[in-house]
Amino acid sequence: MTARELYEKLKPIQEAKGYQFNKDLEGTTLPLLESLLVNKERYGYMVCPCRLASGDREKDRDIICPCVYREPDVAEYGSCYCGLYVSAAWNAGTVPHVVVPERRPADRFV
Amino acid sequence: MAENIRLYALTTCIHCRNTKEYLKECGVEYDCVDVDALQGEDREKVLEEVKKLNPSCTFPTLVIGDRVIVGFRKDEIEEALKG
């Protein structure tokens, strides 16, 4: 599967849940979807491209995309940690684009 | 100009790529460690280094001289490069 195919497949599903893909397709969304495919190949599951996976699916469960932190991050910042999923307002530029801090508790890291 | 610039990154992370791009634009030399490309003891050793600089062990972690910048923060990088 290519990043573009993954994009076409996920877009309607995620938009129905209220999440848009980052409007910067070439610079952010497609490279991140490509990274998810790389991680699927590496680990067997689509772990977040911007977090270091342990390789243990159980330990990484909270950061398998869409991660459990997406909802609070998009609610608070308009964007998830890696920038793949954003709110309509974020894409419209009516909310500031800020660096989203890591919400995951440090003790969950490898 | 800061002499010691070291970037801890993930090959899959877009913020890390943007940091690499920006450092390239600024024309600075830097060491880069792609942590997700390391295995076993090498990875463990590097993770210990990262945790000392950035206890939450997130990426990118960028060291410019004695300054540690976590996340792709362009303005902070620009300021730190001015030294």
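Naming convention: chains lettered A, B, ... in sequence-line order (proteins, then strands); numbering from 1 in each chain.
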Cluster overlap [X] with [Y], hydrophobic side-chain contacts below 4.5 Å:
{"X": "A/Leu84", "Y": "A/Tyr19", "value": "yes"}
{"X": "A/Leu32", "Y": "A/Leu6", "value": "yes"}
{"X": "B/Val68", "Y": "A/Val99", "value": "no"}
{"X": "B/Leu53", "Y": "B/Val35", "value": "yes"}
{"X": "B/Val50", "Y": "B/Val63", "value": "yes"}

Are there over 12 heavy-atom neighbours, none belonging to [X], within less than 6.0 Å of that residue's [atom1]?
{"X": "B/Asp66", "atom1": "CG", "value": "no"}
{"X": "A/Glu8", "atom1": "CD", "value": "yes"}
{"X": "A/Lys9", "atom1": "NZ", "value": "no"}

Open item on the list: Give the interface residues of residues 63-73 of chain A toward chain B, defined by a heavy-atom separation under 4.5 Å.
Closed with: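 Hits under 4.5 Å: none found.
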Task: chain B neighbours within residues 35-46 of chain A, where any heavy atom lies under 4.5 Å away - done: A/Ser35, A/Val38, A/Asn39, A/Arg42, A/Tyr43
TODO: Please name the residue in the list B/Thr58, B/Val70, B/Asn54 that meets the side-chain contact (heavy atoms from CB on, under 4.5 Å) test with A/Glu102.
DONE: B/Thr58
Open item on the list: Under the side-chain contact (heavy atoms from CB on, under 4.5 Å) test against B/Thr12, which residue among A/Pro31, A/Pro49, A/Cys50 passes?
Closed with: A/Pro49
- [ ] Quick one: name the residues clustered hydrophobically with A/Ile13, using the 4.5 Å side-chain heavy-atom rule over I, L, V, M, F, W, Y, and just say none if it's on its own.
- [x] none
TODO: Enumerate by number any residue of residues 15-23 of chain B whose heavy atoms lie under 4.5 Å from heavy atoms of chain A; in the absence of such residues, state 'none'.
DONE: B/His15, B/Arg17
- [ ] Select one option (side chain, backbone, both, neither) describing which atoms of B/Phe72 are under 4.5 Å from chain A's heavy atoms.
- [x]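 Only the backbone of B/Phe72 comes within 4.5 Å of chain A.
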State the [atom1]-[atom2] distance between [X] and [Y], to the nearest 0.5 angstrom.
{"X": "B/Leu10", "Y": "A/Cys82", "atom1": "CG", "atom2": "SG", "answer": "11.5 Å"}
{"X": "B/Ile14", "Y": "A/Thr28", "atom1": "CD1", "atom2": "OG1", "answer": "5.0 Å"}
{"X": "A/Arg104", "Y": "B/Ser56", "atom1": "CZ", "atom2": "OG", "answer": "11.5 Å"}

Task: Least distance between heavy atoms, A/Tyr81 atom then B/Phe59 atom - done: OH-O, 3.8 Å
